[in-house]
Amino acid sequence: MSRVHDIGGKSGFGPIRSHSKEESTFHEPWEGRTFGMMLAMTRHAVLEPGGLRPAIEGLDPEDYLSLGYYQRWLKALETGLLAKGFLSIEELDAKTQELADNPGTEVPRWEDPPFRERFQGIIYSHNDPHKEEGITPSFQAGDSVTVLNVEPIGHSRLPDYLKSKTGTIVRYWGVHHFYDTQPAGVEAPPQPIYNVRFSSDALWGAGAEGNSNVYVDM
Amino acid sequence: MSETPDNQHTHSASDPAPRAKALDSLLVEKGLLASDAVDVLVEAYETDIGPMNGSKVVARAWTDSEYKQRLLKNGTDAIEELGYGGLEGSKIVVLENTDTVHNMVVCTLCSCYPWPVLGLPPNWYKSLEYRAHAVSQPRAVLKEFGLELDELVEIRVWDSTADVRYLVLPQRPAGTNDLSEEQLVALATRDSMVGVAKADSPALAS
C-alpha cells in the first residue's frame with residue numbers, strides 16, 4: 001500500500017510537458033506568496049506534527065493529482081489553518097469571494113522586523129541535521145541488503161518501488177534525523193542513513209533499460 | 001522563453017489567486033503573518049538563490065582541480081567556500097559525470113532539490129511525468145530532453161529521498177580551453193546540474 005504521491009516507476013503519465021531551460025521562480029505572484037506564507041507560518045506550527053510533506057501527502061488523492069505544485073501547498077496550508085482553528089471556512093470563503101469580486105483590493109500588511117531578520121538568517125544558514133549519537137552502522141559498503149516490505153507509519157521516505165528489492169550498500173552518510181518512522185507528535189529519531197544502489201534489472205525486470213542503476217538514501 | 005503556469009494538471013480547481021490572497025489578508029489581519037518575512041523569502045529565491053550559484057561552483061571545479069577534489073569529497077563545505085548554503089542544503093553531495101557515467105537526479109516522492117545552489121525546482125522537476133518515469137525509464141526521459149547517451153554509458157539515477165541533496169558536476173565541454181572561469185559559468189546550465197542535459201557548448205552560449 002502506498003499513497004498517490006509515491007509515483008516512482010509508475011508508467012503512463014505521458015511526455016514531460018514543460019522543458020523550459022529557464023523559467024521564473026514563481027509563475028504568478030500568488031505562488032510566491034503561498035511559498036512565503038508556508039515558511040513564515042511555521043512559527044505557528046500550522047502543520048505540526050509532521051510538517052509540510054505529510055500534509056501534502058495527506059491531500060485527497062484526486063486533489064493531489066489534479067492540483068499544480070503550489071496549489072497543493074495552498075491546499076495543505078489552508079487545511080492546517082482550518083484544523084488548528086486559526087481560520088474558519090466561512091470567513092475564508094467569504095474573503096475569497098470578496099477578493100475575487102474586487103481583484104484590485106490591496107492585501108493589508110503587518111510587519112515584524114525582528115522576525116524578518118531572524119528569518120533572513122535561516123534562509124542562508126546551515127541547519128545540519130547530522131547527529132552522531134553513538135549509533136554503530138549495521139552495514140558496510142558492498143553489503144547486499146533487501147528492503148523490508150513494511151507499511152509506513154504515516155509519512156515515509158521509502159518509495160514503494162523499492163520494497164522487497166535487493167540492492168548494495170554504497171555509502172554510509174552517518175546518523176540523521178530521518179522522518180521515516182515518525183509517529184504523529186514525536187520528533188524523528190536519529191537513524192543511520194545509507195546510500196543503496198539497485199540495478200534497473202532488479203527493479204524493473206525484463207522491461208528495464210540497459211546499463212542503469214538507481215541510488216537511494218534509506 | 002515560454003512560461004507555463006503552475007496549473008498544468010488543473011481541470012476543475014478554483015482560481016488559486018484569490019484564495020491565496022484571502023489567506024494572506026486574514027492572517028495579516030489576525031497578526032499571525034509577517035508580510036515582510038514573506039517578502040524576504042520571495043525576493044531571496046527570485047533574485048539571489050538560484051542556478052547561477054551552482055553554475056559558479058561548476059565553473060570553479062572546471063578550472064581548479066584542487067577545488068574539484070574538495071567539492072567531490074565534501075560538497076557542502078566546498079560550496080560554502082563560495083558563500084552558498086542554507087535551507088534545504090544541509091548536506092550536498094556532488095556527482096561527477098564522466099565519459100562512462102552519467103548522473104541524473106529526481107525526487108519521486110516530492111521535490112527534494114539543493115536549494116542553495118539551484119534555487120527552487122522548475123516545473124518539469126516537480127511534474128508527475130518526470131517523477132514517475134525518471135527511475136524506470138531514464139534513457140527515454142533523457143531523450144525527451146534531447147540527450148541520447150550511448151548504451152556503454154552507465155546511467156545513475158539518484159532518487160533524492162532524505163536530507164542528502166545532489167548536484168551534478170557536468171563534464172566541461174570541448175573547445176573551452178581558452179575560456180575564463182567567468183565565461184564558463186554561462187555553460188553550466190541548470191539542466192546540466194540536475195543531469196538531464198550536458199553543459200552547453202560555447203557555440204550555443206554565445
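So you know, we letter chains A, B, ... as the sequences are listed, proteins then strands, and number each from 1.
- For a residue to count as touching a neighbouring chain, one of its non-hydrogen atoms must lie under 4.5 Å from one of that chain's; by this rule B/V93 touches chain A with the side chain only.
- Contacts of B/L120 with chain A are made by side-chain atoms alone, with heavy-atom separations under 4.5 Å and no backbone atom involved.
- Contacts between B/R139 and chain A at a heavy-atom distance below 4.5 Å involve backbone atoms as well as side-chain atoms.
- Partner of A/H19 under the ring-ring contact (aromatic ring centres under 6.0 Å, His included) criterion, out of B/Y125, B/F145, B/W124: B/F145 alone.
- Proximity to chain B (any heavy atom under 4.5 Å) is shown, for A/R33, by both the backbone and the side chain.
- A/K84 contributes a side-chain N or O that, together with a main-chain N or O of A/A45, makes up a donor-acceptor pair within less than 3.5 Å.
- Heavy atoms of other residues, nucleotides or ligands lying less than 6.0 angstrom from NZ of B/K30 number more than 12.
- The greatest number of non-hydrogen atom pairs below 4.5 Å with chain A, out of B/H102, B/E88, B/M104, B/Q137, is found for B/Q137.
- The two residues B/P173 and B/P202 make their nearest non-hydrogen contact at CB-CD, 4.5 Å.
- Of the atoms belonging to B/P122, heavy atoms from both backbone and side chain fall under 4.5 Å from chain A.
- If you tally non-hydrogen atom pairs under 4.5 Å between each of A/S11, A/A40, A/G32, A/P108 and chain B, the highest count goes to A/P108.
- Interface summary for chain A: among B/L33, B/L23, B/D36, B/T108, the most heavy-atom pairs under 4.5 angstrom belong to B/D36.
- Proximity of a side-chain donor or acceptor of B/R131 to a complementary backbone N or O of B/V106 within less than 3.5 Å is not detected.
- For chain B, the nearby part of A/P103 is the backbone; its heavy atoms alone come within less than 4.5 Å.
- For B/A197, no part lies near chain A; criterion is any non-hydrogen pair under 4.5 Å.
- Contact of B/N103 with chain A is not made at all, since no heavy-atom distance falls under 4.5 Å.
- The part of B/Y166 that comes within reach of chain A is its side chain, from C-beta onward, which places non-hydrogen atoms under 4.5 angstrom from that chain.
- Residue B/T189 does not touch chain A at all, counting heavy-atom pairs closer than 4.5 Å.
- Looking at A/D112 and A/R43, a side-chain N of the basic residue comes within less than 4.0 Å of a carboxylate O on the acidic one, giving a salt bridge.
- For chain B, the option among A/N211, A/I56, A/N213, A/L99 with the highest count of heavy-atom pairs below 4.5 Å is A/N211.
- Using cut-offs of 30° and 60° on the angle between ring planes, the pair B/W158 and A/Y215 is parallel.
- Across A/F198, A/F115, A/F35, the residue that shares the most heavy-atom pairs under 4.5 angstrom with chain B is A/F35.
- Of the atoms belonging to A/E117, not a single heavy atom falls under 4.5 Å from chain B.
- The pair B/R60-B/E181 meets the salt-bridge criterion, with a side-chain N (NZ, NE, NH1 or NH2) lying under 4.0 Å from an Asp/Glu carboxylate O.
- Ranking B/S35, B/C110, B/A22, B/P18 against chain A, the residue ahead of the rest is B/S35, based on heavy-atom pairs under 4.5 Å.
- Residues B/R19 and A/D93 are paired through a salt bridge, judged by an N-O separation under 4.0 Å between the basic side chain and the carboxylate.
- The greatest number of non-hydrogen atom pairs below 4.5 Å with chain B, out of A/D63, A/N195, A/L77, A/T34, is found for A/N195.
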- Derivation of the side-chain contact (heavy atoms from CB on, under 4.5 Å) call for A/L39 and B/L87: CA-CA 11 Å; A/L39 271 64; B/L87 284 182; 3.9 Å; yes
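- Contact annotation for B/V141: only side-chain heavy atoms (C-beta onward) come within less than 4.5 Å of a heavy atom of chain A.
- Between chain A and the residues B/D191, B/V101, B/V164, B/L152, the most heavy-atom pairs under 4.5 angstrom are made by B/V164.
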